[in-house]
Amino acid sequence: MFKSIYLSPLGYFVSFIQNCLALFTRPFMVYGYYCRGNKTYFKYTRISSSAKILSHKSLTIGEYCWIGHHSLIDASGGLKIGEGVQISSLNSILTHSSHISIRVLGRDFLKTKYSDRLAYNKAPVKIGDYTFIGSGAIVLPGTTIGKGCVIGAGSVVKGEIPDYSVAIGNPAKVVGTIDDLDKPFLNERGIDQTYFDRDYLLNLKSIDR
């Protein structure tokens with residue numbers, strides 16, 4: 001019932017009410033997000049009412065994304081989240097750090113403008129389409145995660161993770177690809193129409209023969 005109402009022309013109003021309720025209730029998933037970065041309303045993107053987004057204007061996000069409960073999404077240094085990305089609960093996506101600047105500037109840290117802070121680390125993060133980031137993972141400034149990746153729960157990710165990779169640990173290491181995860185479903189009915197990357201699917205099927 002709710003889903004049919006949300007997907008009707010009343011969906012914008014429903015999303016607005018949900019965002020208002022999110023200020024006063026326990027965490028729940030809010031359907032619909034207006035992305036200031038690319039000035040687009042994404043009807044199928046869902047972000048928890050308890051997720052905290054810093055610097056909305058520096059965030060670009062795709063449709064069909066999911067950001068779970070109690071996650072910190074820091075876009076201050078520039079953050080691009082592709083289509084269909086799922087970020088589980090209790091995650092941190094970070095694009096800045098003051099771990100050196102607080103010592104270098106001491107008591108002057110708070111008095112100094114962000115743009116003038118010595119040793120203040122800012123670096124953009126990019127997360128590719130249809131990547132999954134497990135609960136409790138931390139993505140550090142300057143990281144690029146490719147499309148179709150799986151990042152294990154509790155991982156700390158820094159640097160570059162290639163497309164279609166499985167990465168786990170602290171620091172996160174690539175331990176394989178998504179091939180073994182997806183191969184059991186290659187012959188499922190309709191997968192040719194639903195799989196996120198048709199070329200990769202065809203490659204998987206050729207390898208599996």
Can [Y] be reached from [X] by stepping across I, L, V, M, F, W or Y side chains whose heavy atoms are under 4.5 Å apart?
X: I93; Y: L54; answer: no
X: L72; Y: L140; answer: yes
X: I53; Y: I87; answer: yes
X: L110; Y: I100; answer: yes
X: Y64; Y: I191; answer: yes

For [X] and [Y], indicate whether the former's side chain and the latter's backbone hold a donor-acceptor pair under 3.5 Å.
X: S88; Y: G134; answer: no
X: E63; Y: Y44; answer: yes
X: S15; Y: Y12; answer: no
X: D129; Y: E83; answer: yes
X: S92; Y: L94; answer: no

Measuring from [X]:[atom1] to [Y]:[atom2], what's the distance to the nearest 0.5 Å?
X: T45; Y: I67; atom1: OG1; atom2: CD1; value: 8.0 Å
X: L79; Y: T143; atom1: CG; atom2: OG1; value: 11.0 Å
X: K43; Y: Y31; atom1: NZ; atom2: OH; value: 12.0 Å
X: C149; Y: F132; atom1: SG; atom2: CZ; value: 13.0 Å
X: H96; Y: S98; atom1: NE2; atom2: OG; value: 5.5 Å
X: Y195; Y: L202; atom1: OH; atom2: CG; value: 10.5 Å

Counting C-beta onward and ignoring hydrogens, is there a side-chain heavy-atom pair between [X] and [Y] closer than 4.5 Å?
X: I47; Y: I73; value: no
X: P171; Y: V156; value: no
X: V30; Y: F28; value: yes
X: T95; Y: P124; value: no
X: K122; Y: S76; value: yes
X: D74; Y: K52; value: no

Margin query: Tell me whether the count of non-hydrogen atoms from other residues, nucleotides or ligands lying under 6.0 Å of CZ in F13 goes above 12.
Written below: no
Checklist line | Heavy-atom neighbours of K158 NZ exceed 12 at 6.0 Å | finding: yes
Item checked: Validation row, ring centre F42 to ring centre Y33 under 6.0 Å -> no
Note to self: I need the single residue from D179, D182, D197 that forms a side chain to side chain donor-acceptor pair (under 3.5 Å) with Y164. Which is it?
What the structure shows: D197
Next item on the list: Compute whether any side-chain donor of one residue and acceptor of the other, for S89 and H69, lie under 3.5 angstrom apart.
Entry: no
Next item on the list: Measure up the F109 and Y120 rings against each other and bin them: parallel (under 30°), tilted (30 to 60°), perpendicular (over 60°).
Entry: tilted
So which heavy atom on [X] is nearest to which on [Y], and how close?
X: I178; Y: V166; answer: N-CG2, 4.1 Å
X: G142; Y: V125; answer: N-CG2, 3.9 Å
X: I61; Y: N38; answer: O-ND2, 3.4 Å
X: L186; Y: L204; answer: CD1-O, 3.8 Å
X: T112; Y: D108; answer: OG1-O, 2.7 Å
X: V150; Y: L181; answer: CG2-CD1, 4.0 Å

Item checked: Worked check of side-chain contact (heavy atoms from CB on, under 4.5 Å) between I133 and I145 -> CA-CA 10 Å; I133 299 179; I145 301 174; 4.3 Å; yes
Next item on the list: Begin with the C-alpha distance, continue with both residues' side-chain angles, and end with the deciding distance and a verdict on side-chain contact (heavy atoms from CB on, under 4.5 Å) for L90 and S135.
Entry: CA-CA 6 Å; L90 302 169; S135 293; 5.5 Å; no
Note to self: Quick one, H56 with Y34, criterion side-chain contact (heavy atoms from CB on, under 4.5 Å). Give me CA distance, side-chain angles, the key distance, then yes/no.
What the structure shows: CA-CA 10 Å; H56 284 264; Y34 178 76; over 6 Å; no
